[in-house]
Enquirer: 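Take a look at the following structure, please.
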Amino acid sequence: MHLGVSESMRECEYSQISTRSSTPMETPYKKRTPKKRKWEIFPGRNKFYCDGRIMMAKQTGVFYLTLILILVTCGLFFSFDCPFLAQQLTPVIPVIGGVLFLFVLGTLLRTSFSDPGVLPRASPDEAADLERQIDVANGGTGYRPPPRTKEVVINGQTVKLKYCFTCKIFRPPRASHCSLCDNCVERFDHHCPWVGNCVGRRNYRFFYMFILSLSFLTIFIFAFVITHIILSSHQNGFLSALKNSPASVLEVVVCFFSVWSIVGLSGFHTYLISSNQTTNEDIKGSWSSKRGKDNYNPYSYGNIFTNCCAALCGPLPPSLIDRRGFVEADVPQLAPPTNGITIYGSTQSQQSHTAAATPLLQHQSSEPVILTTSPENGGTLPGRASLALTGPCTSLPLGQPTPPTSTSSLSCHEAADKLPVHGHTLTHNHSNPLQESLFQHHFLTPEEVPSPPGMLHCGSPMGHSHTTQAGFYDPASQDSLHEDSVRGLVKLSSV
Amino acid sequence: MLAFPTILLIKLICIRVNSLCRPTAYRTSSNQLCSSKVFIQRHYSSGTICKFQTKFPSELESRIDEQQFEETIQTLNNLYAEAEKLGGKSYLEGCLASLTAYTIFLCMETHYEKVLKKIARYIKDQNEKIYAPRGLLLTDPIERGLRVVEITIFEDRSIGSGR
């Protein structure tokens with residue numbers, strides 16, 4: 001008995017030592033924590049489904065509206081109008097309608113569910129390095145310097161690269177920070193609530209194909225429903241034709257109002273693609289000749305055909321955020337953690353915690369789980385709810401004229417739909433409110449909380465705890481294990 | 001040899017002490033294995049394509065040839081340019097993909113992904129042959145969101161026992 005006790009005590013001691021020097025996963029007495037995927041600790045305001053395969057913005061209500069509108073209208077068309085048309089005219093009509101419908105749905109889902117080109121946030125080391133460089137450039141003064149910018153000459157045009165206080169990076173050209181999703185997105189076009197996602201480099205072509213095919217579908221349904229009503233009224237009279245298929249009336253109404261905005265939007269985006277501009281740039285007039293006679297778009301390839309090919313058929317870059325990868329807190333690897341976000345908070349953790357942070361990994365890891373998986377479950381914790389509520393409000397601090405339900409101040413669709421005039425071909429009509437909103441968006445970013453813990457400008461206490469706790473995934477032990485493996489290589493080579 | 005327990009002891013001390021260090025420069029009182037990081041930023045003068053600056057950082061002066069370093073970065077730049085190149089092949093792939101509603105990518109990799117794999121192999125190769133023997137480690141930029149090339153500089157200043 002005595003031996004057994006001392007053995008168990010020895011075992012306990014052994015496991016305590018091994019906890020400090022090795023991964024928590026190897027300890028037999030600790031409960032095995034399932035490996036986390038990176039989407040679970042993603043710092044942006046996104047929702048993930050299907051274990052990280054699907055990525056959307058936080059507010060998806062309008063996306064469901066879009067989906068319902070399309071499904072209901074097409075459903076009514078196929079049920080009520082197509083039998084008549086197939087009989088009277090040709091069965092090719094429902095076939096074409098079906099193909100268009102599937103294409104619209106496919107491109108919509110692809111736009112909504114894919115990563116628009118989110119730039120992962122800087123790792124703490126990178127952020128510290130940049131801060132140091134900026135301090136040196138500013139002469140090391142103590143006071144808060146003005147918004148940080150870097151100038152770069154691209155194809156003869158001077159472009160300003162802005163520093164993103166949230167992501168702690170100098171944004172590449174054409175990238176912008178979406179305040180709704182709280183991410184920097186490459187080649188940011190706009191945040192589209194109808195699609196429930198940002199439109200950026202990786203999903204712009206799907207977005208364009210969606211609106212183009214939706215224009216064709218809308219015109220197609222509109223035309224054939226009118227044809228159905230006309231043909232039917234030849235046989236039975238106009239009023240009885242309407243009474244026989246009331247669904248047709250609904251379809252006509254929906255299509256009539258959609259056609260103007262969607263066809264207009266397609267035209268606008270066709271223009272943008274052919275001149276290789278983003279909605280952002282066009283609205284701000286970045287490359288407009290009105291700014292200066294030497295002002296031109298440095299990204300354009302010179303001719304419309306190349307611009308179109310590049311936008312629609314160019315290589316599709318892979319996602320930079322690796323949502324389905326595992327958080328490498330425990331596995332010793334030669335490569336450092338792949339996603340900077342996992343060690344984001346470690347600047348604070350390293351300074352304020354000892355190596356006992358390793359057992360804390362187990363404890364702290366549960367908290368980010370709660371915080372980050374709540375969007376997945378559809379429900380929100382009070383903390384998250386307060387973030388959600390205050391988010392749109394504080395992202396529009398300068399008195400946006402948009403209604404509270406339309407959370408996007410950046411969406412062209414929103415502004416276009418509010419205006420009595422048609423879509424986006426008449427840019428001068430909507431440029432002012434949108435320009436204002438975009439300028440405000442851009443003024444926002446330098447004014448976001450500049451200190452490292454303030455990742456979310458609205459819910460900073462929550463945001464801070466979220467990021468620092470997310471950081472506990474990878475304290476110094478990961479670096480030292482990584483160092484050990486390279487040290488081994490160094491030793492081998494020195495022999 | 002006393003190597004193994006000494007190394008274990010050193011590891012334990014390192015872990016404890018490293019946690020108290022600043023993230024970018026780990027300096028300990030017992031002068032164990034320390035690392036600092038150098039970041040090679042992106043170069044945007046050619047537009048939005050992925051390209052890294054070839055300017056030689058001063059921290060690497062004592063470790064590696066400027067020419068060797070530039071060659072590595074230049075090769076990386078060329079590989080990224082190949083990934084993002086617009087040409088007949090990429091257009092064909094794009095058109096084929098849109099015709100098959102992008103389902104073709106369930107079976108095959110995109111050209112970009114193929115080149116990224118090539119880059120990963122190149123970096124691994126460079127690390128093994130050139131950088132690790134000099135106490136340096138290149139991190140694949142894709143792991144940093146294509147923002148930087150991170151080079152970790154290791155300074156092995158162990159106490160001297162157990163060698």
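Every value quoted in this text rests on a predicted model; they were computed, and no experiment measured them. In the text below, chain A, chain B and the rest are named by the order of the sequence lines, each starting its count at 1.
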Enquirer: Can a side-chain donor-acceptor contact be found between A:Ser300 and A:Asn276 if the only test is distance below 3.5 angstrom?
Expert: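 Distance-only check fails for A:Asn276 and A:Ser300.
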Enquirer: Mind listing the closest non-hydrogen atom pair of B:Leu136 and B:Asn127 along with its distance?
Expert: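 So the two residues come closest at O-OD1, 4.4 Å.
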Enquirer: Is A:Leu161 close to chain B through its backbone or its side chain, or both, or neither, when contacts mean heavy atoms under 4.5 Å?
Expert: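 Side chain only.
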Enquirer: Where does A:Val152 contact chain B at under 4.5 Å (heavy atoms): side chain, backbone, both or neither?
Expert: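 Only the side chain of A:Val152 comes within 4.5 Å of chain B.
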Enquirer: Is A:Pro317 close to chain B through its backbone or its side chain, or both, or neither, when contacts mean heavy atoms under 4.5 Å?
Expert: both
Enquirer: Checking heavy atoms, do the side chain of B:Ala97, its backbone, both or neither come under 4.5 Å from chain A?
Expert: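 Answer is neither: B:Ala97 stays 4.5 Å or more from chain A.
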Enquirer: Between A:Arg174 and A:Glu186, is there a side-chain N and carboxylate O pair less than 4.0 Å apart?
Expert: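 No, no charged N to carboxylate O under 4.0 Å.
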Enquirer: A side-chain contact here means heavy atoms from C-beta on lying under 4.5 Å apart; do A:Val159 and B:Tyr44 qualify?
Expert: no
Enquirer: Would the number of heavy atoms belonging to other residues, nucleotides or ligands and lying under 6.0 Å from OH of B:Tyr91 be above 12?
Expert: yes
Enquirer: Report which part of A:Thr306 has an atom under 4.5 Å of a heavy atom belonging to chain B: side chain, backbone, both, or neither.
Expert: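 Both backbone and side chain.
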Enquirer: Is the shortest distance from a Lys or Arg side-chain nitrogen in B:Asp125 or B:Lys129 to a carboxylate oxygen in the other one below 4.0 Å?
Expert: yes
Enquirer: Salt-bridged, B:Arg147 to A:Glu126, with N to O below 4.0 Å?
Expert: yes
Enquirer: Among A:Gly314, A:Ala310, A:Gly325, who wins on heavy-atom pairs under 4.5 Å with chain B?
Expert: A:Ala310
Enquirer: Please state whether the side chain, the backbone, both or neither of B:Lys89 comes within less than 4.5 Å of a heavy atom of chain A.
Expert: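 Contact with chain A: none, neither part.
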Enquirer: What do you reckon, is NZ of B:Lys124 surrounded by more than 12 foreign heavy atoms closer than 6.0 Å?
Expert: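 It does not: B:Lys124 NZ has 12 such atoms or fewer within range.
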Enquirer: Would you mind checking which part of B:Leu138 comes under 4.5 Å of any heavy atom in chain A, side chain (CB onward), backbone (N, CA, C, O), both or neither?
Expert: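 Contact with chain A: none, neither part.
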Enquirer: Could you look at A:Arg187 and say if it's the side chain, the backbone, both or neither that has a heavy atom under 4.5 Å from chain B?
Expert: neither
Enquirer: Counting only heavy atoms closer than 4.5 Å, note whether B:Thr110 contacts chain A via side chain, backbone, both or neither.
Expert: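 It is the side chain, since no backbone atom gets that close.
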Enquirer: Which atoms of B:Glu93 come close to chain A, meaning under 4.5 Å heavy atom to heavy atom: side chain ones, backbone ones, both, or neither?
Expert: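 The answer is neither part of B:Glu93.
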